[in-house]
Trainee: 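Just dropping this structure here.
Proteins get letters first, then strands, A, B, ... in listed order; numbering begins at 1 in each. Just so you know, these numbers come straight off a predicted model, no measurement behind them.
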Protein chains: 2
Amino acid sequence: MAVGTQVAVESDAGTGRRERKKTATRAAIRDAAMRLALRDGVERVTLEQIAAEADIALRTFFNYFSSKEEAVVAGAAGDFRAFVAGFRDRPGSESVLRALHEAALVVLDQAMADDRDHLAALVVIRGERSLVPQLLAALAAQETVLAEAIADRVGPGQDEGYPRLCAAAALAALRVTLDRWLESAGAGAVPSLDGLRGELERTLGALAAGLDRPSRPE
Amino acid sequence: MAVGTQVAVESDAGTGRRERKKTATRAAIRDAAMRLALRDGVERVTLEQIAAEADIALRTFFNYFSSKEEAVVAGAAGDFRAFVAGFRDRPGSESVLRALHEAALVVLDQAMADDRDHLAALVVIRGERSLVPQLLAALAAQETVLAEAIADRVGPGQDEGYPRLCAAAALAALRVTLDRWLESAGAGAVPSLDGLRGELERTLGALAAGLDRPSRPE
DNA sequence: GTGCATAGATGCATGATGTGCACGAATGAG
DNA sequence: CTCATTCGTGCACATCATGCATCTATGCAC
C-alpha cells in the first residue's frame with residue numbers, strides 16, 4: 001500500500017497493524033454481505049458466498065459476526081452508534097430534543113458525504129422481513145447508550161424514568177420518520193433530503209409538544 | 001369432553017373442531033417451549049425437546065412457528081395483540097393516550113386473572129439476549145396495527161404522520177415502563193402491580209406533556 | 001351414512017447455520 | 001531473535017429450517 005491509500009471511514013482504532021486489519025476485514029465482510037444481499041436477496045445468499053466475496057474462510061466469518069443478518073445490518077448499526085456519539089458532542093446550550101435533532105442532521109450529512117451507500121442497507125432491510133428483528137435489536141442496544149447520555153445531559157436528581165423514556169421515544173420517532181421517508185421513496189429515486197429534514201423537524205416537534213390528541217367527536 | 005371442560009383463553013376461533021385443535025396445538029407448543037425455556041434456558045432447549053413435550057412431530061413445529069424464539073415469544077406477542085384490540089374498543093370520549101392507558105390497564109388485569117403465567121415469558125425474555133430481536137419484531141408488527149387504529153380514532157385529514165409516530169412512541173413507552181418494572185422486580189417477588197400502574201400513569205403523562213427538557217446549566 | 005376435496009400432520013432428504021476444538025501463521029513486546 | 005498472544009483456518013458435529021411426498025382426519029355436499 002502506498003501512502004494515502006483510500007479513506008479512513010469508521011472508527012479505525014489506528015493502533016497497530018493488527019487492529020487496522022481487523023476493522024478492514026470487518027468492513028470487507030459487511031460490504032460483501034450488503035453487496036450480495038442487494039443483488040440476490042438476503043435469503044438467497046449463503047455465508048459461504050459472503051465469505052468467498054470477502055476473501056475469508058467461512059469459519060472466520062463467525063469471528064466478526066454471529067449471523068448473516070447481523071453482518072448485513074452492521075452498517076446501519078454503525079450509523080446508530082455515530083448518532084448517539086454525536087448527541088453527546090452537542091453543546092449543553094441545546095435542549096435534549098434539540099440536541100437529538102442536530103445530531104441526526106449531522107449523521108445525515110456524514111452519510112451523504114461518505115462513499116459507502118448508507119441507503120442501500122436501509123432499503124434492503126425494509127424489503128426483507130428477516131432483517132427487521134436484527135435492526136430493531138441494534139437500535140435497542142443504542143437505546144441504552146442514548147439513555148445514559150441523556151441522563152448525563154439533564155443531570156441527576158431529575159425524573160428517574162425520563163432518560164430511558166426519552167431515548168426510546170426519540171429513537172422510535174427517528175425510526176418512523178426514516179421509514180416514512182424511505183416509503184415515500186418507493187418508486188422514484190432519492191426523494192429530496194430536505195423533505196426528510198422537514199419531517200424530522202415536525203416529528204421531533206410533535207414529541208416536544210406532546211402526543212395526545214382528542215378522538216374524533218363523531 | 002364433558003360440558004364445561006377447561007377454559008377458553010386466547011382467541012378460540014370456535015368454528016369447528018379443526019380450528020379448535022389448531023389453536024390448542026399452538027398453545028401446547030407455546031407453553032411447552034416456555035416451560036422448557038424457563039427450566040433449562042432457551043439456548044439449551046432443542047426443538048426436538050419442545051416437540052416431544054408438546055407431543056407433536058418435529059416437522060409439525062414449523063407448521064406453527066418458524067423458529068424456537070418465535071414460539072417462546074408467542075405468549076407476549078398475544079398480549080400485545082390483545083392490547084391493540086382493547087385500544088380499539090375504548091370509547092371515543094377518551095383521548096388517544098387516555099385510551100391507550102386504559103387499554104393497557106385492561107390487559108394487565110386480564111393477564112393477572114388468567115391462569116397462564118404471563119410474567120414468565122417476559123422474565124425469560126429479559127434474561128435471554130437472543131429473544132430480544134423476536135420480541136421487538138412482534139412489537140413492531142403491532143405498531144402498524146396500532147397506527148391504523150389510531151388513524152381511525154383521530155379521523156382523517158389530520159397530521160399525516162401522527163398515527164405512526166404516536167403508535168411507535170406509545171409502544172416504546174410501554175416497553176420501557178414494563179422493562180423498568182421487571183428490573184425493579186429483580187430480587188423480590190412480584191413488585192406491586194400498583195407500582196406499575198403508577199409508572200404507566202407517569203410515563204404516558206410525560207408523553208402527553210412533551211418530552212423535551214433543558215440541559216443541565218453547568 | 002357415503003364419498004369427495006382439502007387442510008393438517010408426519011417422515012425423509014437435504015442444505016444451511018452455528019459452535020467447540022486444535023493447530024499454524026502473523027503480530028507485537030522484550 | 002524469542003516468546004507469548006491473537007487471529008485465521010480446517011474439521012467435526014449438533015441443530016435448524018425447508019421442500020417434497022404421503023397419509024390421515026375433518027368438513028361438506030348429497
Trainee: Can you tell me the distance, in whole Å, between the CZ atom of B:Phe61 and the P atom of D:dC16?
Mentor: 9 Å

Trainee: Donor-acceptor pair, A:Arg216 side chain versus B:Asp152 backbone, under 3.5 Å?
Mentor: yes

Trainee: Starting from P on C:dG11, measure out to CG on B:Leu58 and report it in whole angstrom.
Mentor: 9 Å

Trainee: When the distance from CD of A:Gln49 to C1' of C:dG15 is rounded to whole Å, what number comes out?
Mentor: 13 Å

Trainee: Take the protein atom NZ of B:Lys68 and the nucleotide atom C1' of D:dT15, then report the distance between them rounded to whole Å.
Mentor: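 It is 8 Å, rounded to the nearest whole Å.
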
Trainee: Distance check: side-chain N/O of A:Thr60 vs OP1/OP2 of D:dT9, anything under 4.0 Å?
Mentor: yes

Trainee: Quick one: do A:Arg175 and B:Glu143 make a salt bridge, cutoff under 4.0 Å?
Mentor: yes

Trainee: Any Lys/Arg nitrogen of A:Arg197 or A:Asp109 sitting under 4.0 Å from an Asp/Glu carboxylate oxygen of the other?
Mentor: yes

Trainee: Which comes earlier along DNA chain D counting from the 5' end, the contact point of B:Glu43 or that of B:Lys21, where each point is its nearest nucleotide?
Mentor: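 The residue whose closest nucleotide sits nearer the 5' end is B:Glu43.
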
Trainee: Please determine, for the side chain of A:Phe62, which listed nucleotide (D:dT15, C:dT17, C:dT10) has the closest atom?
Mentor: C:dT17

Trainee: Could you tell me how far apart A:Glu48 (CD) and D:dG10 (P) are, to the nearest whole angstrom?
Mentor: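 Rounding to the nearest Å, CD of A:Glu48 and P of D:dG10 are 11 Å apart.
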
Trainee: To the nearest Å, give me how far apart CZ (A:Arg44) and P (C:dA16) are.
Mentor: 12 Å

Trainee: When you measure from the side chain of B:Ala57, which nucleotide among C:dT6, C:dG18, C:dG11 comes out closest?
Mentor: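 Taking heavy atoms from C-beta onward, the closest nucleotide is C:dG11.
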
Trainee: Side-chain N or O of B:Asn63 less than 4.0 angstrom from OP1 or OP2 on C:dG8?
Mentor: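 Result: no.
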
Trainee: Decide whether A:Ser130 and A:Glu43 meet the rule of one side-chain donor and one side-chain acceptor closer than 3.5 Å.
Mentor: yes

Trainee: Which part of the nucleic acid, if any, lies within reach of A:Ile56 when heavy atoms closer than 4.0 Å are counted: base, sugar-phosphate only, or nothing?
Mentor: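 Touches sugar-phosphate only.
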
Trainee: Sort out for me which residue in B:Val124, B:Val73, B:Leu36 forms a side chain to side chain contact (heavy atoms under 4.5 Å, CB included) with B:Val42.
Mentor: B:Val124

Trainee: What is the distance from CD of A:Glu70 to P of C:dT17, rounded to the nearest Å?
Mentor: 14 Å

Trainee: Nearest heavy atom decides the nucleotide; on that basis, is A:Arg59 or A:Leu47 closer to the 5' end of DNA chain C?
Mentor: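 That would be A:Leu47.
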
Trainee: Between B:Lys22 and C:dA7, does any side-chain N or O lie under 4.0 Å from OP1 or OP2?
Mentor: no

Trainee: Looking only at side-chain N and O atoms, does A:Tyr64 come under 4.0 Å of OP1 or OP2 in D:dC7?
Mentor: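 So the side chain of A:Tyr64 is outside the cut-off, no N or O lying under 4.0 Å from OP1 or OP2 of D:dC7.
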
Trainee: Measure from CZ on B:Arg17 to P on D:dT26 and round the result to the nearest Å.
Mentor: 5 Å

